[in-house]
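Computed from heavy atoms alone, side chains included, the values below leave out hydrogens, waters and symmetry copies.
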Amino acid sequence: MKNDLIEKLQLIYEFDNDSPLFARVAHHYLESKDITKAEEVLEHGLSLYPDYPTAHIVMGKVALVKGEYDKAKEHFLTASNLLNSSETLAYYNNKIESIISKEEELKESTRTPFFDEEIFNTA
């Protein structure tokens, strides 16, 4: 989204933080790596609009960034139910599984070597 539009949305949200624009503003904070602010905006907005699927998707993404996979799954499930879309749930569950798989691969690649490193450190 263009910066001008984002600035306008943020301005509107600042004057009326009960606006349903909160999901878009939170997404901008997420993209800007301000996870705490994104989560704060979403928590407030979802307290007012608990049936807003887009907000649940953005909150799921925030949970993913934080490594809270169960919480992410809950929000993606809620959004999918609200949208009556099993495809949405499958899409995000695949994303979660992909992230978990990559993390496991990374853990495997950083495990302790099976040989004695001192053998290679002799001069």
Side-chain angles (χ1 to χ4, degrees):
M1 202 175 271
K2 300 211 184 246
N3 286 339
D4 294 351
L5 182 55
I6 289 177
E7 288 175 11
K8 288 177 184 175
L9 291 175
Q10 285 179 305
L11 187 61
I12 292 168
Y13 180 77
E14 284 178 27
F15 284 109
D16 181 13
N17 64 0
D18 292 347
S19 166
L21 292 174
F22 75 93
R24 184 61 194 111
V25 172
H27 191 264
H28 170 70
Y29 286 126
L30 176 61
E31 288 177 332
S32 301
K33 310 277 190 273
D34 191 346
I35 307 306
T36 302
K37 186 66 176 173
E39 190 170 33
E40 288 172 6
V41 169
L42 287 163
E43 286 174 352
H44 175 74
L46 281 169
S47 72
L48 300 172
Y49 301 97
D51 296 332
Y52 190 4
T54 302
H56 283 285
I57 289 172
V58 178
M59 184 63 103
K61 290 179 178 183
V62 167
L64 280 178
V65 169
K66 294 176 68 177
E68 298 173 349
Y69 303 121
D70 289 337
K71 183 177 178 180
K73 287 179 182 181
E74 289 175 24
H75 282 285
F76 294 140
L77 176 61
T78 300
S80 298
N81 288 338
L82 290 168
L83 294 168
N84 195 26
S85 172
S86 60
E87 294 87 3
T88 300
L89 182 59
Y91 174 83
Y92 285 108
N93 279 339
N94 286 337
K95 291 286 185 190
I96 292 169
E97 294 307 317
S98 175
I99 291 168
I100 292 171
S101 175
K102 287 178 184 175
E103 284 183 353
E104 288 174 1
E105 287 175 17
L106 182 60
K107 286 178 187 175
E108 285 292 314
S109 69
T110 58
R111 69 174 193 238
T112 306
F114 65 90
F115 54 86
D116 186 2
E117 291 181 7
E118 288 186 29
I119 296 171
F120 299 103
N121 292 333
T122 59

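- Separation of atoms CE (Met59) and CD (Glu74) is listed at 11.0 Å; rounding is to 0.5 Å.
- Leu64 contributes atom CG, which lies 4.5 Å from atom CD1 of Ile99 (distance to the nearest 0.5 angstrom).
- For the atom pair CD (Glu39) and OH (Tyr29), the distance works out to 14.5 Å, reported to the nearest 0.5 Å.
- Here Glu103 contributes atom CD and Glu105 contributes atom CD; the two are 11.0 Å apart, rounded to the nearest 0.5 Å.
- Applying the 6.0 Å contact sphere to CG of Asn94 captures more than 12 heavy atoms from other residues, nucleotides or ligands.
- Of all heavy-atom pairs spanning Ala72 and Gly60, the tightest one is CB-O, 3.4 Å.
- For the pair Tyr52 (side chain) and Phe22 (backbone), a donor-acceptor distance under 3.5 Å is absent.
- The hydrophobic cluster containing Ile57 does not contain Leu30, counting ILVMFWY residues as joined when their side-chain heavy atoms lie under 4.5 angstrom apart, directly or transitively.
- For the pair Pro53 and Ala79, the tightest heavy-atom approach, listed with the atom from each and the gap, is O-CB, 3.5 Å.
- Residues Val25 and Leu42 share a single hydrophobic cluster, defined by chaining ILVMFWY side chains whose heavy atoms lie under 4.5 Å apart.
- Side-chain contact between His75 and Leu46 is present, with at least one heavy-atom pair separated by less than 4.5 Å.
- Contact between Ala26 and Ala38 at its shortest, heavy atoms only, is O-CB, 3.4 Å.
- A salt bridge links Glu97 to Lys73: at least one charged side-chain nitrogen sits closer than 4.0 Å to a carboxylate oxygen.
- In this structure, the side chain of Ser32 does not engage the main chain of Asp34 through any donor-acceptor pair within 3.5 Å.
- Val62 and Leu48 fall within the same hydrophobic cluster, where Ile, Leu, Val, Met, Phe, Trp and Tyr residues are linked whenever their side-chain heavy atoms come under 4.5 Å apart, directly or through other members.
- Side-chain contact between Val65 and Lys33 is absent, with no heavy-atom pair separated by less than 4.5 Å.
- In this structure, His56 contributes its side chain and Pro50 its backbone to a donor-acceptor pair below 3.5 Å.
- The closest side-chain heavy-atom distance from Glu87 to Tyr91 is not below 4.5 Å.
- Here the OG atom belonging to Ser80 is positioned 8.5 Å from the OH atom belonging to Tyr92, to the nearest 0.5 angstrom.
- Criterion: ILVMFWY side-chain heavy atoms under 4.5 Å apart, direct or through other members. Under it, Tyr49 and Leu82 are not part of a common hydrophobic cluster.
- Residue-environment remark: NZ (Lys71) exceeds the threshold of 12 foreign heavy atoms within 6.0 Å.
- The line from CD1 of Ile35 to CD of Glu40 is 12.0 Å long, rounded to the nearest 0.5 Å.
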